Amino acid sequence: MKNSLLRFFSFIYPTLIVLAVVEIVFRLMGFPNEKFNFLRMTDTGIYPPNEDMELTWGTFPYRVKTNSLGLRGNEPGKDTSALRIAAIGDSVTDGFFLDNEEIWTHKLNELFKSQGAPAEVLNVARGRASIDKELALLREVALPLNPDIVLLTFTSNDIPELLDKDLDEILRLKAPFQPRNMKLTDQVFIWLINYSAACNAIYSYIWEQKTSNFSDYFNRGIDWEPDEHEKNIALFRKHFGGDQWILEEPFSARTNELVANYLTALHLFFTTCREQNAQPVFIYNPSIVVVYEPESSTRMPELIEAMCKQHNVPFLDLTPDMRNAGRDTIIFLAPYDFHNNAAGNTVIANSIYEFLQDEFPEELNPEL
């Protein structure tokens, strides 16, 4: 027994010393960086509260500033009579690769403020979300904040994001970034890549190797301009094949199944809102293909609009406004990325602002 303990400690001490030296060396090299701060866990909201983070994990570096609720954006106002609007969606609503001031939820909030409208917008979105994660966001983050209106946005990758998920899993998913919903191994992994210099450096290298598969995308080996839409669409099709599933008819059997699951979950989203006295509003945000190829299938927005009519849910299709703006303005980050740029987010904010003014005139214009 004594010999076993001696062998154990004779092994563990040198190992700890080596690990400590490695950690010190990587810290002297500037690690850990903030690249994976977007993965950090939080018990409040979506991101760690009261943070100012520079995220460098993807195509462009950008700053995420959070409030005390753990949401991206300014601190909510103190006027309890103001209409509280929660915006739920994926990376477009989250605002990938844009600073806080450039995303549409911030711009919409500023529009309300500039017009003296009694409303505030809370960004309750998380990138790489589809209806399963959006349902989790609704239940665990948005509804506890007692919103009056819940905006749900849709983009074309919401359908392929449901691949290999059965309906029960979609309907019952828990918010994946909340520690209480995560496996201990996942919690340890996230902690290590954010707070251990060595682990952060190693995973940064692995991350770079993974993203380098998109050599002409992330590494920017591109020789054309943002306004060369045909080339940008070809690049989009090359890298995001799943997004095409709802843009061409007839839908495949696989696509029909995914769409049916999405619509079933959407039904639950609407009924869950209504149970908590929150008015849902649906917003269809078109991809670059839909904006610049008018012949793209309209079946998906038509199916969603039909569902909205069944539930008496206001439906806004941003396609006409995005196409109109896209004639003279660059509204995507293409060719380096296919999210909306700051100008595109301005179009989204203006369209939603006008739509909400028409749908809720008394609530947003008390003097009427």
Side-chain angles (χ1 to χ4, degrees), residues 38 45-47 55 58 60 62-67 69-74 84-112 119-143 145 147 149-159 161 175-177 243 262 265-266 269 273 278 280-288 290 301 304 313-319 321-322 331-333 337-353 355-356:
F38 70 99
I46 298 174
Y47 289 99
L55 303 186
F60 299 102
Y62 64 109
R63 299 206 74 82
V64 169
K65 300 175 184 177
T66 65
N67 57 31
L69 299 175
L71 305 178
R72 192 176 184 190
N74 298 329
R84 175 163 281 187
I85 301 172
I88 299 179
D90 59 10
S91 54
V92 171
T93 303
D94 186 341
F96 272 15
F97 312 127
L98 297 173
D99 295 340
N100 275 33
E101 295 74 21
E102 299 174 311
I103 62 180
W104 70 260
T105 52
H106 174 85
K107 293 173 181 284
L108 179 60
N109 201 56
E110 291 301 301
L111 279 171
F112 285 130
E120 63 179 1
V121 183
L122 301 178
N123 189 329
V124 192
R126 181 72 183 221
R128 295 194 64 81
S130 184
I131 193 66
D132 53 343
K133 294 178 184 175
E134 289 158 353
L135 266 169
L137 290 169
L138 175 70
R139 297 182 185 115
E140 299 182 45
V141 182
L143 290 179
L145 299 175
I149 296 173
V150 176
L151 307 179
L152 175 63
T153 57
F154 175 92
T155 55
S156 57
N157 67 333
D158 285 0
I159 297 305
E161 284 287 341
F177 44 85
D243 289 41
Y262 182 92
L266 183 60
F269 189 100
C273 284
V281 173
F282 196 96
I283 301 164
Y284 181 88
N285 184 49
S287 71
I288 189 171
V290 175
I304 294 172
V313 170
F315 173 84
L316 170 62
D317 186 350
L318 293 172
T319 303
D321 289 340
M322 298 296 276
I331 58 175
F332 294 95
L333 293 169
D337 184 78
F338 293 97
H339 291 87
N340 296 108
N341 61 13
N345 274 259
T346 297
V347 177
I348 295 172
N350 289 338
S351 299
I352 295 174
Y353 176 79
F355 182 76
L356 294 179

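Note that the structure is a prediction, hence the values are computed from the model and not measured.
A heavy-atom distance below 4.5 Å is not found between the side chains of Ile304 and Pro301. In this structure, Thr93 and Ile88 have side chains that are not in contact, with every pair of non-hydrogen atoms separated by 4.5 Å or more. Within the 4.5 Å cutoff, the side chain of Phe38 has no heavy atoms near those of the Val64 side chain. Annotation: side chain of Leu145 is in contact with side chain of Leu71 (closest heavy-atom distance under 4.5 Å). The closest side-chain heavy-atom distance from Asp321 to Phe355 is not below 4.5 Å. A heavy-atom distance below 4.5 Å is found between the side chains of Ile348 and Val92. A heavy-atom distance below 4.5 Å is found between the side chains of Ile159 and Phe154.
In terms of the salt bridge (charged side-chain N to carboxylate O under 4.0 Å, His left out) criterion, residue partners of Arg84 (sequence neighbours excluded) are, by chain and number, Glu120. Every residue meeting the side-chain hydrogen bond (donor to acceptor under 3.5 Å, both in side chains) condition with Asp243, not counting sequence neighbours, appears here in chain and number order: Ser156. Remark: Tyr262 pairs with no residue by the side-chain hydrogen bond (donor to acceptor under 3.5 Å, both in side chains) rule, at least two apart or across chains. Residues satisfying the side-chain hydrogen bond (donor to acceptor under 3.5 Å, both in side chains) criterion with Arg72, sequence neighbours excluded, are Asn100. Not counting sequence neighbours, the partners of Asn285 by the side-chain hydrogen bond (donor to acceptor under 3.5 Å, both in side chains) test are Asn340. In this structure, the side chain to side chain contact (heavy atoms under 4.5 Å, CB included) partners of Ala136, at least two apart in sequence or on a different chain, are Glu140, Ala175.
Within 6.0 Å of CZ in Arg128 there are 12 or fewer heavy atoms belonging to other residues, nucleotides or ligands.
Annotation for Leu137 and Gly89: closest pair CD1-O, 4.4 Å, computed over non-hydrogen atoms. Nearest approach of Ala86 to Pro147, heavy atoms of both residues: CB-CB, 3.9 Å. Residues Ala125 and Ile46 approach most closely at O-CD1, 3.5 Å, considering heavy atoms. Considering every non-hydrogen atom in both Pro286 and Thr319, the closest pair reads CB-OG1, 3.5 Å. The heavy-atom pair separating Leu138 from Cys273 by the smallest distance is CD1-SG, 3.7 Å. Closest of all the heavy-atom pairs between Glu134 and Ala129 is OE2-O, 3.9 Å.
Results of the side-chain contact (heavy atoms from CB on, under 4.5 Å) test with Tyr47 over Asn123, Leu69, Thr66 single out Thr66 as the only residue that passes. Partner Leu152 forms a side-chain contact (heavy atoms from CB on, under 4.5 Å) with one of Ile131, Val281, Ile283, Val313 and no other, that one being Ile131.
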Practice item. Give the intermediate values and the outcome of side chain to side chain contact (heavy atoms under 4.5 Å, CB included) for residues Phe96 and Leu333. Key: CA-CA 10 Å; Phe96 272 15; Leu333 293 169; over 6 Å; no

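Between atom CZ of residue Phe315 and atom CZ of residue Phe282 there is a gap of 6.5 Å, rounded to the nearest 0.5 Å. Interatomic distance, CG of Asp158 versus CD of Glu161, reported as 7.5 Å (0.5 Å rounding). With values rounded to the nearest 0.5 angstrom, Leu318 atom CG is found 11.0 Å from Asn350 atom CG. Ile85 contributes atom CD1, which lies 11.0 Å from atom OG1 of Thr105 (distance to the nearest 0.5 angstrom).
At distances below 3.5 Å, at least one donor-acceptor pair connects side-chain atoms of Asp337 with backbone N or O atoms of His339. The backbone N or O of Gly127 sits nowhere less than 3.5 Å from a side-chain atom of Ser91 that would complete a donor-acceptor pair. In this structure, the side chain of Asp99 does not engage the main chain of Glu101 through any donor-acceptor pair within 3.5 Å. Within the 3.5 Å criterion, the main-chain N or O of Lys133 finds no donor-acceptor partner in the side chain of Arg126. Looking only at distances, a side-chain donor or acceptor of Asn67 sits under 3.5 Å from a matching main-chain atom of Asn74.
The aromatic rings of Tyr62 and Phe97 lie perpendicular to each other, with more than 60° between the two planes, well past the 30° mark.
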